[in-house]
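In what follows, a structure is listed as structure tokens, so that the remarks can point back to it.
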Amino acid sequence: MRPEDRKAALAASRERKTAAGIYLLHCAPSGQRWVGRATDLASIENRLRFTLRHRSHSHRGLQAAWDAHGPEAFLLEELERLEEESLAYLRDRILKQRLDHWRGKLGVEAI
């Protein structure tokens with residue numbers, strides 16, 4: 001990659017808007033579901049799959065389901081996208097509140 005292309009790619013990634021929100025991870029064979037929050041919905045699935053694939057996810061039940069059923073058994077669904085917040089502490093507080101809302105509404109564990 002040419003240096004000019006690299007600089008342009010870096011500038012574009014810095015300017016990319018991220019959308020925070022709440023997601024649902026579903027394991028079809030077992031019927032298990034987990035709800036989570038992310039500051040960047042576009043990258044959360046890759047992050048989850050990476051930690052699960054490397055057996056380093058902190059949620060033992062989720063890791064056990066992944067180990068038993070494999071990656072093709074999992075589907076990630078976006079439940080809610082938050083409006084853009086300029087202050088991180090406001091976004092984090094809202095994400096926590098919305099996670100609690102969805103956890104109660106769906107009756108599922110949080111990850």
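We number each residue from 1, following the sequence as shown. This is a predicted model, so every value here is computed, not measured.
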Checklist entry - Of the non-hydrogen atoms in V35 and L79, which two are nearest, and what is the gap between them? => result CG2-CD1, 3.9 Å

Next on the checklist: Can you give me the closest heavy-atom contact between A19 and R81, atom names plus distance?
Outcome noted: CB-NH1, 3.0 Å

Checklist entry - To the nearest 0.5 Å, how far apart are CD in Q32 and CZ in F74? => result 7.0 Å

Item to check | F50 backbone acceptor or donor facing H54 side chain under 3.5 Å | outcome: yes

Item to check | T39 vs T18, side-chain contact (heavy atoms from CB on, under 4.5 Å): CA-CA, chis, key distance, verdict | outcome: CA-CA 7 Å; T39 55; T18 59; over 6 Å; no

Checklist entry - From L99 CG over to I94 CD1, what is the distance, rounded to the nearest 0.5 angstrom? => result 13.5 Å

Checklist outcome for this item: CD1 (I22) and CD1 (I44) are apart, to the nearest 0.5 Å, by 10.5 Å

Checklist entry - Side-chain heavy atoms under 4.5 angstrom apart, residues restricted to Ile, Leu, Val, Met, Phe, Trp, Tyr: same cluster for L95 and L106? => result yes

Checklist entry - Mind checking whether H59 and W34 have parallel, tilted or perpendicular rings, split at 30° and 60°? => result perpendicular

Next on the checklist: Once rounded to the nearest 0.5 Å, what's the spacing between atom CZ of R47 and atom CG of L52?
Outcome noted: 12.5 Å

Item to check | Nearest non-hydrogen partners of H69 and S30, listed with the distance | outcome: NE2-CB, 3.7 Å

Checklist entry - Could you give the distance from NZ (K105) to CZ (R98), rounded to the nearest 0.5 Å? => result 8.5 Å

Checklist entry - So among L76, L25, L75, which one has a side chain to side chain contact (heavy atoms under 4.5 Å, CB included) with E45? => result L76

Checklist entry - Taking all non-hydrogen atoms of both residues, which atom of W102 and which atom of E80 are closest, and how far apart? => result NE1-OE1, 2.6 Å

Item to check | Spacing of NE2 belonging to H57 relative to CG belonging to L62, to within rounding of 0.5 Å | outcome: 5.0 Å

Next on the checklist: Give me the atom names and distance for the closest heavy-atom approach of P71 to R49.
Outcome noted: O-NH1, 3.1 Å

